[in-house]
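A short write-up of the structure that comes next.
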Amino acid sequence: MFTMKPIEEYDVIELLNNSRFDGELQGYILSDGADLFGYILFKVEDDVIILLDSKTPDTRYLDGIIRASVAYSENQGAKYFSFNLEHEPFEKYKQVFFGEYPNKIETSVILSGCKHE
């Protein structure tokens, strides 16, 4: 069974970042026991979480780890999220789910549940 959790060891973030992004980064990992099989890197600037990079086996995991990261950051005070659109998985994800939105989206848009009538 896989788990998704915040990265608590900054050396893991530095290893995944590989000096590509500046600032204080945060992340989530996907793991199955001790086996890491996915991650996401992001940073929070003011009240915006900026999703920077990811690696997941498929889009089902990408959606989950994006939502987890946005929820985690919202608990830290973020009110908006945006994507690094140079990262192809994020560019495609935004196009499919948020095509009409600018690249600064209120967290409530992704975290609100479906409406049932």
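If you take CG on Asp32 and OG1 on Thr3, they are separated by 8.0 Å, rounding to the nearest 0.5 Å. Atoms CG and CZ, from Leu51 and Phe90 in turn, are 5.0 Å apart once rounded to the nearest 0.5 Å. Ile65 contributes atom CD1, which lies 12.0 Å from atom NZ of Lys5 (distance to the nearest 0.5 angstrom). To the nearest 0.5 Å, atom CD of residue Gln26 and atom OG of residue Ser73 are 5.5 Å apart. Atoms CG and CD1, from Leu41 and Ile29 in turn, are 11.5 Å apart once rounded to the nearest 0.5 Å.
Arg67 contributes a side-chain N or O that, together with a main-chain N or O of Ile110, makes up a donor-acceptor pair within less than 3.5 Å. Remark: the backbone N or O of Arg20 is not paired with any side-chain donor or acceptor of Asn18 at under 3.5 angstrom. Under a 3.5 Å cut-off, the side chain of Lys94 and the backbone N or O of Tyr101 do form a donor-acceptor pair. Asn103 contributes a side-chain N or O that, together with a main-chain N or O of Phe83, makes up a donor-acceptor pair within less than 3.5 Å.
Ser54 has its side chain within reach of His87: a pair of non-hydrogen atoms, C-beta onward, lies under 4.5 Å apart. In this structure, Pro6 and Tyr72 have side chains that are in contact, with non-hydrogen atoms separated by less than 4.5 Å. By the 4.5 Å heavy-atom criterion applied to side chains, Pro57 and Phe37 are counted as neighbours. Taking 4.5 Å as the limit, every side-chain heavy atom of Tyr28 sits out of range of all side-chain heavy atoms of Ile7.
One hydrophobic cluster holds both Leu62 and Val109 under the rule that ILVMFWY side chains link at heavy-atom gaps under 4.5 Å. No continuous path of hydrophobic side-chain contacts links Phe21 to Ile66 [ILVMFWY only; heavy atoms under 4.5 Å]. Connection of Val70 to Leu85 is established within a shared hydrophobic cluster, with ILVMFWY side chains joined at heavy-atom distances below 4.5 Å, either directly or through further cluster members. Linking ILVMFWY residues whenever their side-chain heavy atoms come closer than 4.5 Å, directly or via other members, leaves Phe2 and Leu16 in distinct clusters. Residues Ile40 and Leu111 are members of one and the same hydrophobic cluster, defined by side-chain heavy-atom contacts under 4.5 angstrom among Ile, Leu, Val, Met, Phe, Trp and Tyr.
Of the residues Asp53, Leu30, Ile13, the one that meets the side chain to side chain contact (heavy atoms under 4.5 Å, CB included) test with Tyr39 is Asp53.
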Exercise answer: donor-acceptor pairs, residues 42-49 side-chain atoms, under 3.5 Å, sequence neighbours excluded:
unit_1: Lys43; atom_1: NZ; unit_2: Asp22; atom_2: O; d: 3.1
unit_1: Lys43; atom_1: NZ; unit_2: Glu45; atom_2: OE2; d: 3.2

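At most 12 heavy atoms of other shown residues, nucleotides or ligands fall within 6.0 angstrom of atom CD in Glu88. Atom NZ of Lys55 has 12 or fewer heavy atoms from other residues, nucleotides or ligands within 6.0 Å.
Taking the ring axis of Tyr80 as reference, the NZ or CZ atom of Lys104 stays within 45° of it and closer than 6.0 Å to the ring centre.
Minimum heavy-atom separation, Met4 to Gly64: SD-O, 3.6 Å.
Residues that satisfy the ring-ring contact (aromatic ring centres under 6.0 Å, His included) test with Phe97, not counting sequence neighbours, are Tyr93.
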